Amino acid sequence: MTAPTSRSLGSTELKRLHREWRRRTPGRVALILDDVQGPFNVGALLRTAAAWRVEPVWITERCPRPGDAKTQKTALGSDRFVEVRAVERGVDAVAAARGAGFRVIAVELADGARPLHEIDLAGDICLVLGHEDRGVGADVLAACDAVAFLPQLGRIGSLNVATAGAVALYEVRRRTWTTAESTGVGGDDLLG
């Protein structure tokens, strides 16, 4: 038996594929960066946010800005597809997210945190990610609706914040797609 041959999708096919997934994806997802200080992490998170239609992204005062040269190195211009809102403190961002109708969930290794896959992710969700070493601030954790963590199996205690953010954002979107499939929402042929 021979393996099926594959080829990369062309420009038109990619546009069709992405348009179909956008159509199949209800709900809003937002992100708060609570004192994430590494510009490469901020850039990577902005690129991930653009890929999964995350809007808005709130960044606190001490986060590098999208226009920073190091941030741009990993964002690769994708930040132009994301609405970034600057706030002074993480609790200000939580209040703004709630005011915009989001349920706010911190992604943090903290007392009382539950595995992300066990958290109710229905509706409009805003994830909070924190500083690379200190994590999400205690005042921000207290202001959130829930705290979740990403279960890990290896000997490493935590993930890089940009990697953790990508995994968490994917889980929020994946859950939406799984729910949509079980209710019959969405198309049958993504490349059709």
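Values reported hereafter were calculated over all heavy atoms of this structure, with side chains retained and with hydrogens, waters and symmetry mates removed. Treat the numbers as computed from the prediction; the structure is a model and nothing was measured.
- Follow the hydrophobic side-chain contacts under 4.5 Å out from V107 and you reach V172 in the same cluster.
- Distance check, rounded to the nearest 0.5 Å: CG of D145 to CG of D120 gives 11.0 Å.
- Pairing each heavy atom of D35 with each of E132, the nearest pair is O-OE1, 4.2 Å.
- A continuous path of hydrophobic side-chain contacts links Y170 to L33 [ILVMFWY only; heavy atoms under 4.5 Å].
- In this structure, V140 is not a member of the same hydrophobic cluster as V57, with clusters built from ILVMFWY side-chain heavy atoms closer than 4.5 Å.
- The shortest heavy-atom contact between T71 and P64 is OG1-CB, 3.6 Å.
- At least one side-chain heavy atom of Q72 sits less than 4.5 Å from a side-chain heavy atom of D79.
- Other residues, nucleotides and ligands contribute only 12 or fewer heavy atoms inside 6.0 Å of the CZ atom of R62.
- The two atoms that bring G130 and V136 nearest to each other are N-CG2, 3.5 Å, heavy atoms only.
- Counting all heavy atoms, side chain and backbone alike, V87 lies closest to A93 at CG2-CB, 3.8 Å.
- Rounding to the nearest 0.5 angstrom, the gap separating the CG atom in L121 from the NE2 atom in H117 is 11.0 Å.
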Next on the checklist: Go through it in stages, so that I can follow the logic: the residues are E171 and R175, the test is salt bridge (charged side-chain N to carboxylate O under 4.0 Å, His left out), and I'd like the CA-CA distance, side-chain angles, deciding distance and then a yes or no.
Outcome noted: CA-CA 6 Å; E171 175 63 11; R175 190 82 61 86; 3.1 Å; yes
Item to check | Verdict with reasoning, I59 to R65, per side-chain contact (heavy atoms from CB on, under 4.5 Å) | outcome: CA-CA 8 Å; I59 60 174; R65 296 304 185 242; 3.4 Å; yes
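- Under a hydrophobic-cluster definition in which Ile, Leu, Val, Met, Phe, Trp and Tyr are linked whenever side-chain heavy atoms come within less than 4.5 Å, directly or via other members, F149 and V167 are assigned to different clusters.
- Distance check: W58 CH2 to E55 CD gives 10.5 Å after rounding to the nearest 0.5 Å.
- Remark: R47 CZ to W52 CH2 distance equals 11.5 Å, nearest 0.5 Å.
- Shown here for L31 and C126, the closest heavy-atom pair between the two residues is N-SG, 3.9 Å.
- Under a 3.5 Å cut-off, the side chain of E13 and the backbone N or O of G10 do form a donor-acceptor pair.
- In terms of hydrophobic clustering, with Ile, Leu, Val, Met, Phe, Trp and Tyr side chains grouped at heavy-atom distances under 4.5 Å, L109 and V128 are assigned to different clusters.
- A148 and I119 get closest at one heavy-atom pair: CB-CG1, 3.8 Å.
- The backbone N or O of A143 sits less than 3.5 Å from a side-chain atom of R98, completing a donor-acceptor pair.
- How far NZ of K15 is from CG of L9: 13.0 Å, rounded to the nearest 0.5 Å.
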Next on the checklist: Determine whether D34 and T60 satisfy the following criterion, side chain to side chain donor-acceptor pair (under 3.5 Å), listing intermediate values before the conclusion.
Outcome noted: CA-CA 6 Å; D34 180 34; T60 59; 4.5 Å; no
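- The CG atom of D92 lies 10.0 Å from the CD atom of E61; values are rounded to the nearest 0.5 Å.
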